[in-house]
Amino acid sequence: MKKILIATAWPYVNGKIHLGHVTGCLLPADIFARYNRLIGNDVKFVSGSDMHGTPTAVLAQKEGKTPIEVANHFHKLAQETIRMYNISFDLYTSTATDNHKELVWEIFNRLKETGGIIEKETEQTYCEKEEKFLPDRYVEGVCPKCGFTGARGDQCDSCGSLLDPTDLINPKCKTCGETPKRKLTKHMFLDLEKLSPALSKYVDSKKNIWKTNVFNSTESWISQGLIPRAITRDMDYGIPVPLEGYEKKVIYVWMEALLGYLSAPKELGEEVYKKYWYDKTSEIYIFIGKDNIPFHTVILPGLLLGLNDDKINLPTNIVSNEFLNLNNDKFSKSRNNFIEADYIVSKYGTDIARAYLILIMPEYSDSNFTWENFEENINGSLIDNLGNMVNRTLVFLKNISKKNPNITESTFNNLSISKDIEKMINETYFNISEYLDGSAGNNLKKDDDDSKTKKISFSLAFKEIFILSKEANKYFDTKKPWKDDAPNQTIYDMIQIIFNIAIMLSIFLPETKDRIFSLLGCESKTINGFEFQELKEIHIPDNIEVLFKKIDIDENIDI
RNA sequence: CGCGGGGUAGAGCAGUGGUAGCUCGUUAGGCUCAUAACCUAAAGGUCGUAAGUUCGAAUCUUACCCCCGCAACCA
């Protein structure tokens with residue numbers, strides 16, 4: 001039994017959760033969590049809202065509210081979205097808790113003792129008109145690396161370089177447009193320069209574990225040379241700095257939010273925290289979007305390595321997804337190219353939304369959401385193929401038992417699964433398992449064992465279920481049970497396929513799994529692992545409802 | 001030399017060295033248990049271009065061409 005901590009990137013609370021965050025972070029992490037729980041691993045799945053982002057403060061200022069009001073508002077909405085998508089978090093918390101603050105202070109103080117963070121006096125951009133220092137996103141200017149004119153103080157959107165506000169050429173205050181002056185101030189810095197060798201060693205060890213884009217971009221950041229990076233800033237919204245002389249400063253949000261990966265398990269209990277972060281046999285998986293790669297592959301391990309603590313774990317894998325587009329274009333509120341994540345669920349239900357977003361998950365390149373494609377995929381794969389397969393089997397069973405009094409539930413008592421059907425089902429389990437983590441169960445091994453590199457893909461894993469369902473439709477057609485006086489074995493085999501598909505669906509579409517179990521009359525049945533299981537008691541259903549109703553997009557595009 | 005992603009059947013995509021595949025669409029046929037569903041078959045591609053490595057290239061190398069995103073909102 002493995003101990004696995006699973007986390008998603010913590011969303012900013014300056015708006016509702018982005019649909020791309022659902023398909024790129026929440027869903028893959030949720031599938032991974034459900035899968036690992038099912039195969040018996042000891043899983044904790046956590047995340048939370050990043051309450052302190054500068055964008056939140058900017059938005060609050062604009063709306064005449066306090067930052068924490070805005071943050072709380074969107075934190076509630078985030079929790080609602082997570083509930084609607086049935087994301088199986090053990091904890092979804094926020095960075096506004098005392099627990100989080102105390103952990104951040106603890107890490108801060110430890111880093112100060114080890115010299116992982118150091119104090120430096122630097123010149124900072126200071127706006128005389130506003131009478132304050134201007135941190136990261138309050139300053140814009142020309143990127144010194146690539147010459148891009150709209151670079152922000154913390155990161156250049158064009159070349160992706162991590163920046164400091166004073167690096168910018170021709171900086172301007174974002175609020176008032178004045179050219180800021182430079183003024184001396186003290187700040188604490190994470191000494192990435194000193195940590196560089198240890199970081200390189202860590203990154204090298206991930207060459208065959210991280211996705212290639214994660215590994216390559218991280219390597220290029222490190223090879224460009226790392227410099228100490230400020231972890232405090234002049235601002236009044238955020239976690240205070242536990243040092244004298246820092247009363248007008250807070251801990252920089254990117255450092256503090258990353259430590260949520262430690263504080264969230266701690267909120268579940270000290271022993272949970274110790275189990276996942278201080279037990280070397282534990283594994284830690286973090287699911288992020290591609291915009292967040294350097295923070296998770298350089299700065300987070302930098303913070304942990306800076307503790308000089310051999311006992312603390314480093315993340316096992318950082319799984320980064322690409323971006324989701326809408327109608328072949330970026331999501332954009334102002335250009336009205338936008339769908340709210342909640343809308344799809346409220347219109348079509350949780351599992352239809354989940355199914356489509358899993359099918360188009362942007363795992364290796366950007367993917368595209370369109371309503372036409374939504375209709376085609378849902379109607380084609382989910383309904384015509386899988387939904388109809390379940391429906392035709394159960395309706396057939398019901399009707400034949402009415403026509404033929406010899407067919408009752410006890411008719412099936414002495415049957416067992418056809419060997420070729422069992423093999424077919426087990427191949428699907430095996431393939432799904434290969435796509436999820438490459439560690440299939442012992443009795444699912446194939447003969448032709450090849451040593452090719454594994455490709456993690458939640459989308460391809462999900463599609464395996466539809467391949468099996470299509471095979472089931474083929475089997476049903478081939479056997480022609482409607483021409484058979486005693487088609488008991490065929491029905492029995494079909495029921496086994498449906499039952500096992502429900503088990504597979506439990507990690508992708510949990511509600512649908514429940515509904516299939518209910519139709520099969522086995523609600524209370526427990527699932528034993530991720531491999532073929534035989535449903536011995538065949539139940540003849542009375543009321544058969546279709547799993548999904550067909551959707552017609554033309555009536556529904558009103559957004 | 002800005003950065004990144006991509007060019008494989010009408011559309012959307014899989015496929016990292018060995019007979020070009022999937023879904024949808026099209027055409028023809030079958031079936032009739034089922035949500036106008038399902039099954040079978042066919043048509044349709046010189047895998048962006050050129051050169052190279054190789055017994056063999058969609059896949060590796062080099063050069064080139066084309067498309068998409070990159071003010072702000074925005075994972």
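By convention in this document, chain letters (A, B, ...) are assigned in the order of the sequence lines, proteins followed by strands, and residues within each chain are numbered from 1. These numbers come from the heavy atoms of this one structure, side chains and all, not from hydrogens, waters or symmetry mates.
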Let me know which of A:Ile538, A:Leu535, A:Ile495 forms a side chain to side chain contact (heavy atoms under 4.5 Å, CB included) with A:Cys522. A:Leu535
So, using side chain to side chain contact (heavy atoms under 4.5 Å, CB included) as the criterion, who are the partners of A:Asn328 when residues are at least two apart? A:Asn368
What I want to find out is whether A:Lys330 reaches A:Asp366 closely enough, with some N-O distance under 4.0 Å, to be called a salt bridge. no
Hey, are A:Arg354 and A:Asp30 close enough for a salt bridge, meaning a charged N less than 4.0 Å from a carboxylate O? yes
Looking only at B:U35, B:A75, B:C39, the nucleotide nearest the A:Asn292 side chain is B:A75
Selection from B:A75, B:C74, B:U40 that lies nearest to any side-chain heavy atom of A:Asn14: B:C74
It should be established whether A:Lys330 places a side-chain nitrogen or oxygen under 4.0 Å from OP1 or OP2 of nucleotide B:C73. no
From the candidates B:C74, B:U23, B:A72, the one with an atom nearest any side-chain atom of A:Ser332 is B:A72
Considering residues at least two apart in sequence or located in another chain, which fulfil the ring-ring contact (aromatic ring centres under 6.0 Å, His included) criterion with A:Tyr475? none
A:Lys480: salt bridge (Lys or Arg N to Asp or Glu O under 4.0 Å) partners, not counting sequence neighbours: none
Polar-atom pairs under 3.5 Å, protein N or O versus N or O of nucleotides 31-33 of chain B: list them with distances, or write none.
{"residue": "B:U32", "atom": "OP1", "partner": "A:Lys483", "partner atom": "NZ", "Å": "3.4"}
{"residue": "B:C33", "atom": "O2", "partner": "A:Arg392", "partner atom": "NE", "Å": "3.2"}
{"residue": "B:C33", "atom": "N3", "partner": "A:Arg392", "partner atom": "NE", "Å": "3.4"}
{"residue": "B:C33", "atom": "N3", "partner": "A:Arg392", "partner atom": "NH2", "Å": "2.6"}
{"residue": "B:C33", "atom": "N4", "partner": "A:Arg392", "partner atom": "NH2", "Å": "3.0"}

Tell me, please, which residues at least two apart from A:Asp477 pass side chain to side chain contact (heavy atoms under 4.5 Å, CB included). A:Arg392
Quick test: give all pairs of protein nitrogen or oxygen and nucleotides 5-15 of chain B nitrogen or oxygen below 3.5 Å, distance rounded to 0.1 Å.
{"residue": "B:G15", "atom": "OP1", "partner": "A:Lys455", "partner atom": "NZ", "Å": "2.2"}

Kindly say whether A:Ala71 contributes a backbone atom to a donor-acceptor pair with the side chain of A:His52 at under 3.5 angstrom? no
